[in-house]
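Notes to accompany the following structure.
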Number of protein chains: 2
Amino acid sequence: MDPLNTPVRLRGHATWLLGQASTQGHRLIGERMHAAGVTSRSYYSLLVALAESGPTSQADLGRRIGLDRSDVTAVVTDLEERGCLERTPDPADRRRNLVKITDSGAKFLAELDKEVVAAQAALLEPLSPEERDVLLGMLGRIVEHHTGLRVSGTEER
Amino acid sequence: MDPLNTPVRLRGHATWLLGQASTQGHRLIGERMHAAGVTSRSYYSLLVALAESGPTSQADLGRRIGLDRSDVTAVVTDLEERGCLERTPDPADRRRNLVKITDSGAKFLAELDKEVVAAQAALLEPLSPEERDVLLGMLGRIVEHHTGLRVSGTEER
DNA sequence: CGACCAACATTGGTTGTGCCAACAGTTGGT
DNA sequence: ACCAACTGTTGGCACAACCAATGTTGGTCG
């Protein structure tokens, strides 16, 4: 695109700016993810959710990261083939699969995490540390307002 | 998704927050656009670009709003059938189509504009007017830094 | 002048992602 | 015994972004 001639009226809209900024962020993350051998951002989300709360069902994982059950199946299958997680039938509830992260998976997640953190820094580069906090706080409030999500950093009393 | 159990590590990342906020914005705009009889956001962008700078070629329009030439063709065709714009071969350069907005198109754009502006307000509702300015300013700097775009509000000297 | 390359609009196709529908197996409650 | 709800899986749809090939026209350079 020709950045210098973007219509003025568009550039002032929050939705447009958010979309552009989000695209840049996804681009930065996508590049680094791809270099680490992963095509989709869902892989990272799922591993994070898995590491944060022990063995769970696939449906639960999907609900937590906002991924459809069907898509969870694909990601889990792929990550299982890579040895990043184990998928075993839950003896207590035979509908479920108990998904557990492996040591190899944890190492892989650490790799991805480094890339993701680096991408954040690259994206926010033009902002000072204080400004970054302000930005994250405001974005958190917006997301919280529209989704009911309790974003961290809101417990200031 | 289950907003209450989103992994903490995800919620703190700027890319995740930006993605969520951007999604909310697109949802709000999408709903209102759909109510106004339009399916894609590109329609609005294209009309804005067209209104802002007289008759132009399709390629130019596409470059300005970041839309592929092929997609521009589809949108222009549809908008032409609705009577929102006129597409005539450029006598000076017979490769091009001269695209010009019509009165009816300008009226339609005004309608869409109302919806878009309302969507901005809805999205930023939890922020004070001053905070909105700060947010837009910071987002502008991020976009500017990663795309080379000169976002309005940066000419402070 | 002719040869060549760049730009234009159009058609058609590919990819990635989110979402929905149906299915069989399972659980818990009434 | 029945029924509603849940689980994992497969398959498909819709939409946006993007890419490739085509026929045409403009401009440039030898």
Side-chain angles (χ1 to χ4, degrees), chain A residues 1-2 15-16 19-20 22-27 29-31 33-34 38-46 55-81 85-100 147, chain B residues 1-2 15-16 19-20 22-27 29-31 33-34 38-46 55-81 85-100 147:
Chain A
M1 110 153 129
D2 185 359
T15 44
W16 190 83
Q20 293 289 314
S22 173
T23 299
Q24 293 301 320
H26 283 165
R27 183 183 54 81
I29 284 202
E31 291 170 358
M33 289 282 212
H34 192 74
V38 150
T39 62
S40 165
R41 276 159 265 115
S42 317
Y43 285 62
Y44 175 72
S45 309
L46 198 142
T56 342
S57 72
Q58 300 181 189
D60 182 42
L61 283 173
R63 271 188 295 264
R64 292 225 302 274
I65 63 178
L67 200 62
D68 195 78
R69 289 202 307 275
S70 50
D71 302 318
V72 172
T73 299
V75 176
V76 167
T77 301
D78 194 14
L79 283 176
E80 186 185 28
E81 287 171 357
L85 55 81
E86 284 174 2
R87 171 161 55 174
T88 57
D90 185 346
D93 187 341
R94 286 161 53 203
R95 291 173 299 184
R96 307 188 176 195
N97 285 340
L98 268 191
V99 183
K100 188 162 74 80
T147 67
Chain B
M1 113 153 128
D2 184 358
T15 45
W16 189 83
Q20 293 289 314
S22 173
T23 298
Q24 293 301 321
H26 283 164
R27 183 184 54 80
I29 284 202
E31 290 169 359
M33 290 282 212
H34 192 74
V38 150
T39 63
S40 166
R41 276 160 264 116
S42 318
Y43 284 62
Y44 174 72
S45 308
L46 198 142
T56 342
S57 72
Q58 299 181 188
D60 183 42
L61 283 173
R63 270 188 297 264
R64 292 225 302 274
I65 63 178
L67 200 63
D68 196 76
R69 288 201 304 275
S70 50
D71 302 318
V72 172
T73 298
V75 175
V76 167
T77 300
D78 194 14
L79 284 176
E80 187 186 27
E81 287 170 356
L85 54 83
E86 285 173 0
R87 172 162 55 176
T88 56
D90 186 347
D93 185 342
R94 286 163 53 203
R95 292 173 301 182
R96 309 189 176 194
N97 284 340
L98 268 192
V99 183
K100 189 162 74 78
T147 67

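Per chain, numbering begins at 1; letters A, B, ... match sequence-line order. Treat the numbers as computed from the prediction; the structure is a model and nothing was measured.
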Whole angstrom value for the distance that separates C1' of dA9(C) from CG of Leu67(B):
14 Å
Mind checking if Arg69(B) touches a base, just sugar-phosphate, or nothing, with heavy atoms under 4.0 Å?
base
Using atom CZ of Arg63(B) as one end and atom C1' of dC18(D) as the other, report the distance to the nearest whole Å.
17 Å
Integer-rounded Å distance: dC20(C) C1' and Asp71(A) CG
11 Å
Has the side chain of Arg95(A) got a donor or acceptor atom sitting under 3.5 Å from an opposite partner on the base of dC6(D)?
yes
What is the separation between atom CG on Leu46(B) and atom C1' on dA16(D), rounded to the nearest whole Å?
15 Å
With a 3.5 Å cut-off and just heavy-atom distances, do the side chain of Thr39(B) and the base of dC15(D) make a donor-acceptor pair?
no
What's Ser57(A) touching, base or sugar-phosphate or nothing? Going by heavy atoms closer than 4.0 Å.
sugar-phosphate
Can you figure out which of dG8(D), dA9(C), dT26(C) approaches the side chain of Arg94(A) most closely?
dT26(C)
Rounded distance (Å) that lies between atom C1' of dT10(C) and atom CD of Glu80(B)
13 Å
Mind checking whether Leu46(B) and Ile65(B) have side chains closer than 4.5 Å, heavy atoms only?
yes
Looking for any heavy atom pair under 4.0 Å, which part of the strands does Ser40(B) touch: base, sugar-phosphate only, or nothing?
sugar-phosphate
What's the closest nucleotide to the Arg87(B) side chain, out of dA16(D), dC18(D), dT10(C)?
dT10(C)
If each of Asp93(B) and Ala92(A) is mapped to the nucleotide of DNA chain C with the nearest heavy atom, which maps nearer the 5' terminus, i.e. the 5' end?
Asp93(B)
Looking only at side chains, do Arg87(A) and Thr77(A) share a donor and an acceptor under 3.5 Å apart?
yes
Starting at CG of Asp68(B) and ending at P of dT14(C), how long is that distance when rounded to a whole Å?
16 Å
Specify the separation, in whole Å, of atom NE2 of His26(A) and atom P of dG16(C).
16 Å
In terms of side-chain heavy atoms, does Arg96(B) have a donor or acceptor partner in Thr56(B) at a distance below 3.5 Å?
no
